[in-house]
There are 2 protein chains.
Amino acid sequence: MARVGLTRERLVRAGAELADEVGFDQVTVSELARRFDVKVASLYSHVRNSDDLKSGIALLALEELADRGAAALAGRAGKDALTALANVYRDYAREHPGRYSAAQWRLTPEEAAASAGGRHAGMTRAILRGYDLTEPDQTHAVRLLGSVFHGYVSLELAGGFSHSAPDSQESWSRILDALDALLRNWPAAQPPTR
Amino acid sequence: MARVGLTRERLVRAGAELADEVGFDQVTVSELARRFDVKVASLYSHVRNSDDLKSGIALLALEELADRGAAALAGRAGKDALTALANVYRDYAREHPGRYSAAQWRLTPEEAAASAGGRHAGMTRAILRGYDLTEPDQTHAVRLLGSVFHGYVSLELAGGFSHSAPDSQESWSRILDALDALLRNWPAAQPPTR
DNA sequence: GCACCTGCCTAATAGCTTTAGGCAAATTCG
DNA sequence: CGAATTTGCCTAAAGCTATTAGGCAGGTGC
């Protein structure tokens, strides 16, 4: 009965790797036990249950993403910052698809509050400092950026943009150009069409 | 042994309802059998397996969405069409969250080819006829719209925009205003910054 | 060197998935 | 109308995941 040295920390980390290999929803307590060459029940001293493990992976992913974002934003402003943060999300999702899916995991309110979620919103807001937007337009813009980043990355990951020209990288660049232009020239509220 | 009259059709439809009630990933062959008051094994004559059932629900959702989209687009153009299609996605996701998730289910290439996926791309392209875009910009714009629609709806469904002002509806309107403005004034490719 | 605690184990229950083979209801046909 | 066939739902069984309870031994502290 050699002790393997299990830890919540190590389990979550291994879970994240597993997610990247086989997909987040294929992450299973059993498979994790197998990887540590340990019986399943042994994991339950370190992790409350399967959902708890998944939450751990989600929190890890959010944290890693936020760290990368902060590093990318340092010293940048305007379109430069916009592109940098956008690429952080896209690159992370391509490098770590399982972790990226994990970041969408529905956390409990307490977990969410303790998560890096706030940092993400903050970073997007930081980008907007390079543009001339005041509330509530700033919030609208934050939501738009979040939607585009997440939406594009999800669709790309799902294979939506492969197998058709032009290639995804080009669309991505042009979409960022377009967002930059839009933020520099954010339209006032339109009156409803008759 | 009264015959209940199971059918792939009925199973898929019931699966879709189940998805809306408990979430797409909680849709289970067992639960479905329970609802029809039938033994689990009985379903396997109508559905190849669990994944097949899920694919069926996904195809149904894509079809319903495309139908709604087509109806909404009829007789509309420009921003009017843009808003109409966007609202189709958002409203559908709010009315049928489980089905909406199902629409994200990864289909096999054959299933995808037979799906309503093509109609969706076509509808977004149709919207762009009201704007002055030529290829490849049109494709970039299609991808942007897809990203915003899907991204916003996903984030909203995940609860991302609740509990904070301004309310989601307002952001949605303003984002559609912004997209309309952007499409009317789509920027040329920007030279990379130095 | 002893007691304790902690970490991993065995055992057991329960749910979901999937396949194989059986019987009876519905349908087809003489 | 009744026989033959098809088809629909069933029982049985195996395999996998999740989760809990209780046990034994290895490492730790005195």
Side-chain angles (χ1 to χ4, degrees), chain A residues 1-60 98-99 101-102 105-108 110-111, chain B residues 1-60 98-99 101-102 105-108 110-111:
Chain A
M1 307 186 178
R3 301 205 173 182
V4 187
L6 296 183
T7 291
R8 180 186 169 83
E9 173 79 14
R10 287 187 64 196
L11 288 179
V12 168
R13 205 161 288 284
E17 282 161 30
L18 179 56
D20 286 335
E21 290 171 35
V22 303
F24 182 61
D25 32 52
Q26 307 296 319
V27 170
T28 180
V29 190
S30 305
E31 177 58 31
L32 214 49
R34 236 169 270 132
R35 301 221 163 181
F36 279 98
D37 199 30
V38 138
K39 298 299 171 181
V40 196
S42 307
L43 302 202
Y44 283 80
S45 329
H46 304 279
V47 151
R48 248 192 316 287
N49 52 39
S50 186
D51 277 14
D52 183 40
L53 170 66
K54 288 184 179 157
S55 292
I57 300 173
L59 291 171
L60 172 66
R99 283 157 147 101
S101 304
W105 174 255
R106 189 97 184 233
L107 298 168
T108 66
E110 307 79 57
E111 289 169 333
Chain B
M1 295 171 190
R3 301 201 171 182
V4 188
L6 297 183
T7 290
R8 179 188 170 82
E9 173 79 14
R10 288 187 64 195
L11 289 178
V12 168
R13 205 160 289 284
E17 281 161 30
L18 178 58
D20 286 335
E21 290 171 34
V22 304
F24 182 61
D25 32 54
Q26 308 296 320
V27 170
T28 180
V29 189
S30 304
E31 177 58 30
L32 215 48
R34 235 169 271 131
R35 302 221 162 181
F36 279 97
D37 198 32
V38 138
K39 298 298 172 180
V40 197
S42 308
L43 303 202
Y44 282 80
S45 329
H46 303 280
V47 151
R48 251 195 310 292
N49 53 39
S50 185
D51 277 15
D52 183 41
L53 170 67
K54 288 185 179 157
S55 292
I57 300 174
L59 291 171
L60 172 67
R99 284 153 144 103
S101 305
W105 175 256
R106 189 93 183 236
L107 297 169
T108 66
E110 306 79 57
E111 290 169 333

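Sequence lines set the chain letters: A, B, ... in the order given, protein chains first and strands last, and positions in each chain run from 1.
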Please pick, from [options], the nucleotide with the shortest atom-to-atom distance to any side-chain atom of [X].
| X | options | answer |
| --- | --- | --- |
| B/Ala41 | C/dT19, C/dC8, D/dT19 | C/dT19 |
| B/Arg3 | C/dT19, C/dC8, C/dA25 | C/dA25 |
| B/Ser50 | C/dT18, D/dA21, D/dC9 | C/dT18 |
| A/Val29 | C/dC16, D/dA18, C/dC8 | D/dA18 |

**Study point:** Rounded distance (nearest 0.5 Å) linking atom CH2 of A/Trp105 with atom CD1 of A/Ile57
**Key:** 9.5 Å
Exercise for review: Kindly say whether A/Arg10 contributes a backbone atom to a donor-acceptor pair with the side chain of A/Thr7 at under 3.5 angstrom?
Suggested key: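 A pair under 3.5 Å: no.
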Phosphate OP1/OP2 of [N]: any [X] side-chain N/O under 4.0 Å:
| X | N | result |
| --- | --- | --- |
| A/Thr28 | D/dA18 | yes |
| B/Ser30 | C/dT17 | yes |
| B/His46 | D/dT7 | no |
| A/Ser42 | C/dC9 | yes |
| A/Arg34 | D/dT17 | yes |

Point to revise | Under-4.0 Å salt bridge between B/Arg35 and B/Glu31 | key: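 The answer is yes: the pair qualifies as a salt bridge.
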May I have the distance from [X] (atom [atom1]) to [N] (atom [atom2]), rounded to whole angstrom?
| X | N | atom1 | atom2 | result |
| --- | --- | --- | --- | --- |
| A/Asp52 | D/dT20 | CG | P | 12 Å |
| A/Tyr44 | D/dT17 | OH | P | 11 Å |
| A/Leu18 | D/dT17 | CG | P | 11 Å |
| B/Lys39 | D/dT11 | NZ | P | 5 Å |
| A/Phe36 | C/dG7 | CZ | C1' | 14 Å |
| A/Leu32 | D/dC16 | CG | P | 18 Å |
| B/Leu43 | D/dT7 | CG | C1' | 16 Å |
| A/Gln26 | D/dC16 | CD | P | 15 Å |

Review point. If you look at every strand shown and take non-hydrogen atoms under 4.0 Å, does B/Val40 touch a base, only sugar-phosphate, or nothing?
Key: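 It contacts base atoms.
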Exercise for review: Start with the C-alpha distance between A/Arg13 and A/Glu17, add both sets of side-chain angles, then the distance that settles salt bridge (Lys or Arg N to Asp or Glu O under 4.0 Å), and finish with yes or no.
Suggested key: CA-CA 6 Å; A/Arg13 205 161 288 284; A/Glu17 282 161 30; over 6 Å; no
Check your understanding: What are the two closest non-hydrogen atoms of B/Asp52 and B/Arg8, and how far apart are they?
Key -> OD2-NH1, 2.7 Å
